Amino acid sequence: MIPAAFDYVAPTTVDEALAALAEGGDEAKVLAGGQSLLPILRMRLNAPETVVDLGRIEELRGIREDGDAVVIGAMTPYSEVVKDPTVRLHAALLAQAVEEVADPQIRHRGTVGGALVHADPAGDVGAPVLALDAELVIRGPGGERTVEAADFFRDLFETAVGEGELLTAIRIPKHTGWVSHYEKFVRVSHQWSIVAVAAALRVEGGTIAEARVGLTNMGSTPLRARSVEAALVGRSASDLGDACDSAADGTNPPSDLNGDADYRRHLARVLTRRAVATALGS
Ligand SMILES: Cc1cc2nc3c(=O)[nH]c(=O)nc-3n(C[C@H](O)[C@H](O)[C@H](O)COP(=O)(O)OP(=O)(O)OC[C@H]3O[C@@H](n4cnc5c(N)ncnc54)[C@H](O)[C@@H]3O)c2cc1C
């Protein structure tokens with residue numbers, strides 16, 4: 001289908017974009033890579049009067065180091081994140097998860113910021129961002145604020161980014177030297193996650209000193225498997241024991257044609273063990 005007619009604005013600065021959003025009010029919609037928004041417009045599930053395209057705003061794009069953090073501009077496409085040496089060195093888990101997003105065409109257009117604000121619980125970016133304790137930088141008419149990933153995802157397709165605001169950057173604390181793996185379960189390649197697990201581990205002398213585990217599609221938002229994280233400390237590749245068995249505790253997974261909630265709980269336990277074992281190289 002063809003989208004309903006809308007006014008198109010293509011600002012070149014964040015201030016101009018915020019002004020356009022303020023002018024458009026709740027009839028304005030932000031366009032990033034368009035990989036989620038354009039299908040929505042074409043199906044006429046949304047018919048904004050104004051579309052504010054962020055594609056020409058250079059300040060929203062790129063990856064840089066800032067002290068003990070890696071800062072990724074919200075409009076940085078997946079394809080740049082995957083191949084970026086800074087991300088690979090200090091936040092490898094994110095690169096590993098982004099590699100699993102859809103296909104090369106979608107990774108070429110889709111952006112990390114767009115995925116986070118879209119907040120599809122089956123999306124692959126939320127769990128690693130949550131597991132890596134990232135901070136999300138948001139700008140609006142009232143200025144700039146920073147929200148921890150744990151407070152960013154509010155509900156299904158709902159985040160801390162309010163009307164008239166923009167997500168401008170993602171700040172990820174450096175996890176240099178950590179081992180990690182993103183284990184995604186799908187029926188056919190290039191599919192959305194039925195369940196996926198993001199695991200990052202700091203290993204000292206052969207045992208796990210710190211663990212971070214994020215779950216994809218085990219509830220209305222990405223989730224942390226905190227009890228697994230605690231249980232993994234002190235374990236080693238040859239002695240994981242039952243440390244991953246509580247992966248589904250406190251989750252509320254959906255039931256759909258791909259599997260019911262119990263099946264997803266089973267997957268969460270199996271995939272967590274697999275993600276941890278693979279990260280440890282076993
Ligand atoms: C066939 C297909 C398969 C896919 N498979 C996967 C998959 O396996 N895994 C996966 O994770 N994703 C998948 N996706 C989704 C893809 O990752 C999207 O690119 C992503 O969800 C949205 O990013 P975008 O840059 O395209 O954002 P857009 O579609 O442009 O925007 C998405 C939403 O976020 C808002 N928005 C965007 N940027 C900002 C910002 N900076 N500030 C405020 N609001 C903003 C928009 O207004 C819109 O509501 C798939 C998409 C398609 C079409």
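All ligand and atom numbering here is 1-based and tracks the order in the structure. Since the model is a prediction, treat every value here as computed from it, not as a measurement.
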For Gly34, is the nearest heavy atom under 4.0 Å from an atom of ligand 1?
yes
Regarding Ser193 and Asp124, is there a side-chain donor-to-acceptor distance under 3.5 Å anywhere?
yes
Side chains of Asp155 and Ser220, donor plus acceptor under 3.5 Å:
yes
Nearest neighbour in protein (non-hydrogen) for atom 13 (C) of ligand 1:
Trp192 CH2, 3.2 Å
Looking only at protein heavy atoms, what sits closest to atom 34 (O) of ligand 1 is Gly114 O, 3.6 Å
Reference residue Leu166; test side chain to side chain contact (heavy atoms under 4.5 Å, CB included); the match among Val161, Leu21, Ile138:
Leu21
With heavy atoms only and a cut-off of under 4.0 Å, state how Asp103 meets ligand 1: side chain, backbone, both or neither.
neither
Checking a contact table here: which protein heavy atom is nearest atom 20 (C) of ligand 1, and how many Å away?
Ser36 OG, 3.4 Å
Salt bridge check: are Asp242 and Arg235 linked by an N-O gap of less than 4.0 Å?
yes
For the backbone of Gly24 and the side chain of Glu49, can you confirm whether one donor and one acceptor N or O come within less than 3.5 Å of each other?
no
Atoms of ligand 1 less than 4.0 Å from Leu54 heavy atoms?
40 (C), 41 (N)
Relative to atom 53 (C) of ligand 1, which among Arg107, His108, Gln35, Met75 owns the nearest non-hydrogen atom?
Gln35
Check this for me: Arg42, atom CZ, are more than 12 non-hydrogen atoms of other residues, nucleotides or ligands nearer than 6.0 Å?
no
The option among Val186, Val30, Ile40 carrying the non-hydrogen atom nearest to atom 46 (C) of ligand 1 is Val30
Of the backbone atoms (N, CA, C, O) and the side-chain heavy atoms from C-beta on, which set of Ile106 has a member under 4.0 Å from an atom of ligand 1: side chain, backbone, both, or neither?
side chain
Verify salt bridge (charged side-chain N to carboxylate O under 4.0 Å, His left out) between Arg61 and Glu59, making sure each step is shown before the conclusion.
CA-CA 6 Å; Arg61 210 173 157 135; Glu59 62 189 294; over 6 Å; no
For ligand 1, is there an N or O atom under 3.5 Å from any N or O atom of Arg109?
no
Taking non-hydrogen atoms only, is Gln105 closer than 4.0 angstrom to ligand 1 via side chain, backbone, both or neither?
neither
Using the rule side chain to side chain contact (heavy atoms under 4.5 Å, CB included), only one of Asn252, Thr251, Val197 pairs with Met218; which is it?
Thr251
